[in-house]
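Before any comments, here is the structure.
Reminder, nothing fancy here: chain letters follow the sequence lines and each chain counts from 1.
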Protein chains: 2
Amino acid sequence: MPATIRDVARLAGVSPSTVSRALSMPEMVNAATRARVAAAVEQLGYQPNRAARGLITGRTGNIGLVVPDLANPFFASVAKGVQARARRYDVAVFVADTDEDAAAEVGLVRALAKQVDGLILCSPRASDADLSAIAQDTNVVLVNRTAEGVPGIIYDNEGGMRQAVAHLVALGHRKIAWVGGPVTSWSTQHRTLGLSNALYDHGAELARVGSFAPTYEGGMAAADQAVATGATAVVTYNDLVAIGLLARLHARGISVPGDVSVVGIDDIAMSRMARPALTTVRLPKQEAGRIAVELLLAVLDDPDPGTAIGTRGTLHGELIVRDSTGPAPQP
Amino acid sequence: MPATIRDVARLAGVSPSTVSRALSMPEMVNAATRARVAAAVEQLGYQPNRAARGLITGRTGNIGLVVPDLANPFFASVAKGVQARARRYDVAVFVADTDEDAAAEVGLVRALAKQVDGLILCSPRASDADLSAIAQDTNVVLVNRTAEGVPGIIYDNEGGMRQAVAHLVALGHRKIAWVGGPVTSWSTQHRTLGLSNALYDHGAELARVGSFAPTYEGGMAAADQAVATGATAVVTYNDLVAIGLLARLHARGISVPGDVSVVGIDDIAMSRMARPALTTVRLPKQEAGRIAVELLLAVLDDPDPGTAIGTRGTLHGELIVRDSTGPAPQP
DNA sequence: CGTGAGTCTGCAATCGGTTTCACCGGTGTG
DNA sequence: CACACCGGTGAAACCGATTGCAGACTCACG
């Protein structure tokens, strides 16, 4: 039903080859012919069939995005960024959600790999070994995770933690509790390290509270233990955890920031709606998605694997001070 | 690099045609041959090239999902449902975000239409005319919107409003304010109507507060006007609005539910984390996505346009009572 | 005027599958 | 015994684009 390249050719009075060239290598065809082709294309509303093109060029013009959970606002934002930037390059995006399941993730990636030119893996849960294996035979860009020889975008977790600590120390806090995320999480490890270093530099004390699910419930569970450490401030793995923690503290009648200050990481939409509004380290989420697309397309265009391999973008967080942090209570 | 059907054929000692048949119409080929082919497929890890198949069958095995805003938790949930169900049928999903822009939407849909077998349009902002035009030459399923002759899934807005009203009336509320969403929104119209009817049936009074953006900010803006109506309860267009309204009421020192009760619609994750936790009408979001996929695939399989046209699924909401509603204050 | 270079265009092969059609051997029927 | 039929298979055409190669034409130069 839709017009084919032959229809255009017939209408323009040229051969299909010429139409093809007029569209993809305009400088190779005579200006007059080019104009005739353009007119015919216009008239028929012709759009080349991507499947047919892909068959011969080996490029599909599609990329895939794999995230652990679309309903998580962090990943939704990244997806939004990916999607917006991909459109600019006329690339379509397959989105897949693994439901936080590492095994499902590997299967999904394998299935998707055949249908796309490259994949963006956001906070993948797969093992380093699986990840490297995948990157072997597929163009992959990692977001929020690193793996040997695979290009990616990461956040400057150390820098973010440093900002949070500087803020809290300035407010007089000397003992700070840390609520970590999943033990296997790459981010948890780096954030723990960054926080620990920053606190050491300021001569303040770190109280580790352990690992919790990166959810509202995880935050509620962590609250009592965080308070029990005697810390006057709590930094959490992400905003969702911080908001859960806030809820539990409120339920127990503990004042924020009067008794305890709370800092999250991410700056999801919910954070400024929390009560009290959450102080947090804002991570540029859509930006990560946009850069991931640029990086992936660069990898695709460069046939030489040496260039892009190891290319790694770093994005910096920004401390957003709201109402959940205040001066440390006088003992 | 990846194995082609010819590789499989050679290994199995048969012709490509037989391999094709063994895979797509197994009953047409001898069991022994079929086994040999299966073994060869297994050994080579063969997966048919979708582009090549699509070229001849005219089916891509892909569907598209278009939403106004991926970062909106409501749409993220729908996307999650679509995505999960599509995977079950081995169908890949293109996701596109229109940024709430009706014009961009139409363009996006046109571009996407060529690359997929069908589209799921979730809460499309386009005009009825544009929508019908699109449905003319593309397989479309609507979610949260109706259009003449286009199949879709909608929510039973009337039923949801009825539940909310019954709850509020039972608590003694006699005058209820309604904060509407965008005037052009299909949902706004139906929710307004449903609320109005339910209130009439209970002999209670409706106070319309006007149209507001379906956002947190919209809710903050609506709060003062809602209070000024003298109503003892407020129903809002969605949960985001309700949460914004809650924030503004808190800022003004108005107690919820002591002075005013608040009811939202959607039941997004944020709602149970609000303070007070929000009473709301839960809409099955992932379910809508799942059904939309089923419906779309049914449309695709049925060459007769008469059957599916006008097929319309209705999903029912469920009142979730939390802490934002209570007995009407005694005058 | 012949020749070579250069520009532009068309022919035909190709990508990896699906599908039509013909064919083959074997069986059942008139 | 001739014929139709049937299950199973292969050869070849085809889907809609791209691209290597060769031909046609123009132009300049010797």
Side-chain angles (χ1 to χ4, degrees), chain A residues 1-41 44-62 90 92 113-117 300 303, chain B residues 1-41 44-62 90 92 111 113-117 300-301 303:
Chain A
M1 206 58 186
T4 75
I5 200 170
R6 269 169 266 272
D7 298 328
V8 176
R10 203 173 312 128
L11 184 59
V14 297
S15 77
S17 341
T18 304
V19 175
S20 173
R21 277 187 286 255
L23 296 178
S24 47
M25 4 178 155
E27 72 288 351
M28 281 196 58
V29 15
N30 186 296
T33 330
R34 200 191 311 150
R36 286 220 312 288
V37 170
V41 164
L44 294 169
Y46 169 74
Q47 286 191 274
N49 179 319
R50 290 193 171 218
R53 171 183 294 174
L55 199 51
I56 190 146
T57 61
R59 292 271 288 256
T60 63
N62 300 331
D90 199 28
K114 308 286 194 292
Q115 306 182 51
V116 300
D117 297 334
L300 295 181
Chain B
M1 206 56 186
T4 76
I5 200 170
R6 273 168 256 272
D7 298 329
V8 176
R10 203 173 311 125
L11 184 58
V14 297
S15 77
S17 341
T18 303
V19 175
S20 175
R21 275 187 289 255
L23 295 177
S24 47
M25 4 179 158
E27 72 289 352
M28 282 194 57
V29 14
N30 185 294
T33 328
R34 198 191 313 149
R36 286 221 309 289
V37 170
V41 164
L44 294 170
Y46 169 72
Q47 284 191 275
N49 179 320
R50 290 193 171 218
R53 171 183 292 175
L55 199 49
I56 188 145
T57 61
R59 292 272 289 260
T60 63
N62 301 331
D90 200 27
K114 307 285 194 293
Q115 306 183 50
V116 299
D117 298 333
L300 296 181
D301 282 339

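If you check every strand for non-hydrogen atoms under 4.0 Å, A:S24 touches nothing. B:V14 comes within 4.0 angstrom of sugar-phosphate atoms only, judged by non-hydrogen atoms across all strands, and of no base.
Atom-to-atom, CG of A:L23 to P of D:dT18 comes out at 7 Å; the value is rounded to the nearest Å. Between the CE atom of A:M25 and the C1' atom of D:dG20 there is a distance of 10 Å, given to the nearest Å. Atom CD of A:E27 is separated from atom C1' of C:dC8 by 13 Å (rounded to the nearest Å). Atom-to-atom, CZ of B:R59 to P of C:dT19 comes out at 11 Å; the value is rounded to the nearest Å. One can place CG of A:D7 at 13 Å from C1' of D:dA17, the figure rounded to the nearest angstrom. Atoms CD (B:Q47) and C1' (C:dG16) sit 14 Å apart, rounded to a whole Å.
Residues B:R50 and A:T60 form no side-chain contact, since every pair of their non-hydrogen atoms from C-beta on lies 4.5 Å or further apart. You'll find the side chain of A:T4 stays beyond 4.5 Å of the side chain of A:N49, heavy atoms only.
Between A:R36 and A:G13, the shortest heavy-atom contact is NH2-O, 3.9 Å. Considering every non-hydrogen atom in both A:A22 and A:V37, the closest pair reads CB-CG1, 3.8 Å. Contact detail for B:L23 and B:Y46: the closest heavy-atom pair is CD1-CE2, 3.6 Å. Nearest heavy atoms, A:R6 versus A:P16: CG-CG, 4.0 Å.
Within the 3.5 Å criterion, the main-chain N or O of B:P26 finds a donor-acceptor partner in the side chain of B:R34. Panel note: side chain B:D117, backbone B:G61; a donor-acceptor pair is recorded below 3.5 Å.
Taking five base pairs at each end of the helix from C:dC1-D:dG30 to C:dG30-D:dC1, the local helix axes there meet at an angle of 70°, rounded to 10°.
Put simply, the side chain of B:R21 and the base of D:dG10 share a donor and an acceptor less than 3.5 Å apart.
Checked against C:dG10, D:dT19, D:dA12, the side chain of B:S17 finds its nearest nucleotide in D:dA12. The nucleotide whose nearest atom lies closest to any side-chain atom of A:M28 is, among C:dC21, C:dT9, C:dA12, C:dT9.
Partner of A:V19 under the side-chain contact (heavy atoms from CB on, under 4.5 Å) criterion, out of A:V14, A:L11, A:T33: A:V14 alone.
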Dump every N/O contact between nucleotides 14-16 of chain D and the protein below 3.5 Å, one line per pair.
unit_1: D:dG16; atom_1: N7; unit_2: A:R6; atom_2: NH2; d: 3.2
unit_1: D:dG16; atom_1: N2; unit_2: A:A52; atom_2: O; d: 3.3

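A sub-4.0 Å separation between OP1 or OP2 of D:dG10 and a side-chain N or O of B:T18 is present. Taking side-chain N and O atoms only, B:T33 has a distance below 4.0 Å to OP1 or OP2 of D:dT9.
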